[in-house]
There are 2 protein chains.
Amino acid sequence: MEQQSAVAALAALAHDARLGIFRLLVVAGNEGLGAGMIAERMEIPKATLSFHLKELNHAGLIESTRDGRSITYSMRPEGIRSLLEFLTRDCCQGRPELCALPTTDCCQ
Amino acid sequence: MEQQSAVAALAALAHDARLGIFRLLVVAGNEGLGAGMIAERMEIPKATLSFHLKELNHAGLIESTRDGRSITYSMRPEGIRSLLEFLTRDCCQGRPELCALPTTDCCQ
DNA sequence: TCCATATTTCCAGTATTATCGAATTATTGC
DNA sequence: GCAATAATTCGATAATACTGGAAATATGGA
């Protein structure tokens, strides 16, 4: 991942509502969630939600599929993974000890 | 790390100049770098640099120590580590497979 | 003390981002 | 085609962030 894409992804997550939406979609998993349901759970107006969803989408962190009348959003694993890779790689340059992240603990 | 702190850290890194500064400090390691040297390497005016350094500092990603006439900045390992932990933990909720980050590859 | 150096703070101008009601587009069922 | 439902785009306003020259602050040495 290039620095430019990393900045875009970081900016997309650097907002309370958007980070909340993203976390909601992580929990939702492959099923994803309809835009209406997200608006309801997050308690934000639909126009505002659309704005934030577009940001996350442009940054490659989520994706959407039309599902009849509604549109289902779900996280895009590759998006967050490449951001984490970028940050971790950066972190390692010259200071390998910083890479000792509890990724394994986290997954057991 | 709370969501609020995560948003602050993400926002701090979500800027081309600041991400560049942070990466510079990661490479610089424990020695750190003087503000003047950072300004020179990044080719940005000192007033602008101060602004960005303050942002990174407030987010807990870097720290400073006065060193005679100059001020030395260095990365704050705990800052980036706790951000990565937050993101990784989030990522694991319901989807453990996403945690398979190349942290070990990265460090060998 | 006075000067030179290093950096920050002030401040005003500019630019970008966020908010959300109203209008618009897309889809389904009758 | 028409009405109902779901979501997006438009557009105007508000809020926040960025930029950098000029002034202020801190330090060390003569």
Side-chain angles (χ1 to χ4, degrees), chain A residues 3-25 28 31-76, chain B residues 3-25 28 31-76:
Chain A
Q3 170 152 336
Q4 275 317 114
S5 316
V7 168
L10 290 164
L13 293 174
H15 186 283
D16 197 54
R18 286 196 296 264
L19 187 53
I21 293 166
F22 182 76
R23 296 178 75 181
L24 211 54
L25 293 180
E31 307 292 296
L33 273 181
M37 180 61 81
I38 300 174
E40 194 180 314
R41 296 241 196 119
M42 296 294 301
E43 296 181 25
I44 46 183
K46 295 193 166 184
T48 305
L49 177 69
S50 269
F51 171 81
H52 291 312
L53 288 173
K54 186 158 48 166
E55 296 284 302
L56 287 165
N57 189 53
H58 281 165
L61 292 166
I62 66 174
E63 60 195 356
S64 65
T65 51
R66 182 169 273 282
D67 188 14
R69 231 171 309 204
S70 96
I71 294 178
T72 298
Y73 284 87
S74 51
M75 74 172 293
R76 206 175 142 267
Chain B
Q3 169 151 337
Q4 275 318 112
S5 315
V7 168
L10 289 164
L13 293 174
H15 185 283
D16 197 54
R18 285 195 297 263
L19 187 52
I21 293 165
F22 182 76
R23 297 177 76 181
L24 210 53
L25 293 181
E31 306 293 295
L33 272 182
M37 180 61 82
I38 300 174
E40 194 179 315
R41 295 240 196 119
M42 297 294 301
E43 294 181 25
I44 47 183
K46 296 190 166 186
T48 305
L49 177 69
S50 268
F51 171 80
H52 292 312
L53 288 173
K54 186 158 48 167
E55 296 283 301
L56 288 165
N57 188 53
H58 282 167
L61 292 165
I62 65 174
E63 60 195 356
S64 65
T65 52
R66 182 170 274 280
D67 188 14
R69 234 172 308 204
S70 98
I71 294 178
T72 297
Y73 283 88
S74 50
M75 74 172 293
R76 205 174 143 266

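Each chain gets a letter, A, B and so on, in the order its sequence line appears, and its residues count up from 1. Worth saying up front: this structure is predicted, and the values here are computed from it rather than measured.
- Judged by distance alone, the side chain of B/Arg66 and the main-chain N or O of B/Gly68 form a donor-acceptor pair under 3.5 Å.
- Listed here is the closest heavy atom pair of A/Leu61 and A/Ala9: CD1-O, 3.8 Å.
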| query | What do the steps show when you test A/Arg18 against A/Leu13 for side chain to side chain contact (heavy atoms under 4.5 Å, CB included), and what is the final call? | reply | CA-CA 6 Å; A/Arg18 286 196 296 264; A/Leu13 293 174; over 6 Å; no

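- As rounded to whole Å, 18 Å separates atom P of D/dA26 from atom CG of B/Asp67.
- Contact between the side-chain N/O atoms of B/His52 and the OP1/OP2 oxygens of D/dA17 is not found at any separation under 4.0 Å.
- Counting to the nearest Å, the P atom of C/dA18 and the CG atom of A/Leu13 are 12 Å from each other.
- Atom P of nucleotide D/dA7 and atom CD1 of A/Ile62 are separated by 13 Å, given to the nearest angstrom.
- Atom CG of A/Leu56 and atom P of C/dT17 are 14 Å apart (whole Å).
- A distance of 9.5 Å separates CG in A/Asp16 from NE2 in A/His52, rounded to the nearest 0.5 Å.
- Along DNA chain C, the nucleotide nearest A/Gly68 and the nucleotide nearest A/Ala17 are compared for position; the residue whose nucleotide lies closer to the 5' end is A/Ala17.
- Between A/Ser74 and A/Gly32, the shortest heavy-atom contact is CB-CA, 3.8 Å.
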Pull out every protein N or O sitting under 3.5 Å from an N or O of nucleotides 4-10 of chain C, one pair per line with the distance.
{"unit_1": "C/dT7", "atom_1": "OP1", "unit_2": "B/Ala35", "atom_2": "N", "d": "3.2"}
{"unit_1": "C/dT7", "atom_1": "OP1", "unit_2": "B/Gly36", "atom_2": "N", "d": "3.4"}
{"unit_1": "C/dT7", "atom_1": "OP1", "unit_2": "B/Ile71", "atom_2": "N", "d": "3.4"}
{"unit_1": "C/dT7", "atom_1": "OP2", "unit_2": "B/Gly36", "atom_2": "N", "d": "2.8"}
{"unit_1": "C/dT8", "atom_1": "OP1", "unit_2": "B/Tyr73", "atom_2": "OH", "d": "2.3"}
{"unit_1": "C/dT8", "atom_1": "OP2", "unit_2": "B/Ser50", "atom_2": "OG", "d": "2.4"}
{"unit_1": "C/dT8", "atom_1": "O5'", "unit_2": "B/Ser50", "atom_2": "OG", "d": "3.1"}

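- The nearest pair of heavy atoms linking B/Gly60 to B/Arg76 is O-NH1, 2.7 Å.
- For the OP1/OP2 pair of D/dT19 and a distance below 4.0 Å, the side-chain nitrogens and oxygens of B/His15 include at least one atom meeting the criterion.
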